Amino acid sequence: MSSSSWNDFWKFAISLAATAVVVKQVYELTSGSDQKLSSLPPRSRGVTSLIGNTPLVEIKSLSKLTGCRIYAKLELQNPAGSAKDRVALAIIREYERQGKLRPGHNDVILEGTSGSTGISFAVLANSLGYTAHICLPDDTAEEKLQLLRSLGAVLEPVKPAPIVDPGQYVNIAKRRAQEISDDPLDDRQAVFADQFETDVNWRIHYTTTGPEIYQQMDGQVDVFINGSGTGGTIAGVSTYLKERIPSVRTVLADPQGSGLANRVNYGVMYDTVEKEGTRRRHQVDTMVEGIGLNRLTWNFKQGEHNIDEAIRVTDEQALKMAKYLCINDGFFWGSSAAINCVAAVKTAYKYGPGQKIVVVACDSGARHLSKFWKKAATYSSDLTLDEVLE
Ligand code: PMP
């Protein structure tokens, strides 16, 4: 054998041995364990690169008891902890495209929100060189205020007021954006994010969340279930799925006190801007945060024609489901995820076994410790699924 053939032979033998060692290590690491080395995400850069591509997980307890396959899209695994990261980033990118936000210039993003969207904007503002200015009701839970404060957002707490009142926090956010833009002594630019009405919201779910679910489910989805806050998620995902799977059903999971379920099932909700806030402090009388509304938003309207049915879920059912999932599956989720799971079980019972059902788990229970989970934690760990639905 010539010396170059010997060289080739030894190179081949060494690479074979190296491969065997790697295979053995992977086998040892993964055998007998649920942890898959092969599914590691690739290296990435910066907080924005961590948004989206969230996992989809089967909820084993619910699948087993219903005979369906029930899955949750884990939006809570976005870097700022909710699906709103996608929307906040998409809104920022759209304003940058229009030249209304300039990265690194400390330009101001204004939003009126007491929920997850403010947290997403605060995180992204830090990463991209902006200021997040969040207007919110002055009785917002202390843990949320503290989180926003820790993130360095400018906070403007105002007295709770109906949406028709110029002093309502969303209206104030809009006005502040105008004031900063008009101030000749302020060289920053300012934009009003407007998550409820901007077209960017549902479209980002149409171009990312929907395709991810479709791909992760190998195109096999019988039912998609979600609540509606702005309506962006349900509109975007349902539109994408219906285009590809005409038989897919979309179900709205709606908390008590919200008018959306009646709108879907009976075509009646009060008027657009149905005098929100004219009667009581909280428009939608529920412990569930982030979903339910008594007015129609642009984003909800973009998906309304896709919604086949609405299921109304009581606070009691949501609280018990949250506890049930925590004890039986190890999932510590927020109130809107719990509502979705109640609707998933009701759908499973109504249409029978064999369906593939996908819900969204929008945020973690940690965001709801002082209110929803304070009560949920008091329920028995021995609840049965039938007791949850009572
Ligand atoms: N769950 C939680 C916890 C939320 O904050 C939101 C958004 N408000 C939703 C669900 C509903 O999402 P969307 O606004 O896309 O309807």
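Both counts, for ligands and for their atoms, begin at 1 and track the order of listing. Note that the structure is predicted; figures quoted are calculated from it, not measured.
Among Ser116, Gly229, Gly290, the residue whose heavy atom sits closest to atom 9 (C) of ligand 1 is Gly290. Evaluated by nearest non-hydrogen atom to atom 12 (O) of ligand 1, the leading choice among Ile291, Thr209, Ile204, Thr233 is Thr233.
For atom 1 (N) of ligand 1, the closest non-hydrogen atom on the protein side is Ser336 OG, 2.6 Å. For atom 13 (P) of ligand 1, the closest non-hydrogen atom of the protein is Thr230 OG1, 3.4 Å.
In this structure, a donor-acceptor pair under 3.5 Å is absent between the side chains of Asn306 and Thr250. Side-chain polar atoms of Glu75 and Thr54 form a donor-acceptor pair below 3.5 angstrom.
In this structure, Arg188 fails the cation-pi test against Tyr130, since its NZ or CZ atom is not both closer than 6.0 Å to the six-membered ring centre and inside 45 degrees of the ring normal. A cation-pi arrangement is not found for Arg69 relative to Tyr71, the charged atom failing to lie both closer than 6.0 Å to the ring centre and inside a 45° cone about the ring normal.
Relative ring orientation between Phe332 and Trp373 is described as tilted, the plane-to-plane angle lying within the 30° to 60° band. Note on ring orientation: taking the six-membered ring where Trp is involved, the planes of Phe372 and His368 are perpendicular (angle over 60°, cut-offs 30° and 60°).
Of the heavy atoms in Asp363, only side-chain atoms (C-beta onward) come closer than 4.0 Å to ligand 1.
Counting atoms of ligand 1 from 1 in the listed order, those under 4.0 Å from a heavy atom of Glu289 are 3 (C). Annotation for ligand 1: atoms under 4.0 Å from non-hydrogen atoms of Gly232 are 15 (O), 16 (O). Residue-ligand proximity, Gly231 to ligand 1, at heavy-atom distances under 4.0 Å covers atoms 13 (P), 14 (O), 16 (O).
Under the 4.0 Å criterion applied to side-chain N and carboxylate O atoms, Arg249 and Asp222 are not assigned as salt-bridge partners.
Residue-ligand proximity: Lys84 is placed with a non-hydrogen atom under 4.0 Å from ligand 1. Heavy atoms of Gly334 come nearer than 4.0 angstrom to ligand 1 in no pair at all.
No N or O atom of Ser228 sits closer than 3.5 Å to an N or O atom of ligand 1. By the 3.5 Å distance cut-off applied to N or O atoms, Cys362 is not counted among the residues near ligand 1.
Qualifying ring pair (Phe, Tyr, Trp, His ring centres under 6.0 Å) partners for Phe300, counting only residues two or more places apart in sequence or in other chains: none.
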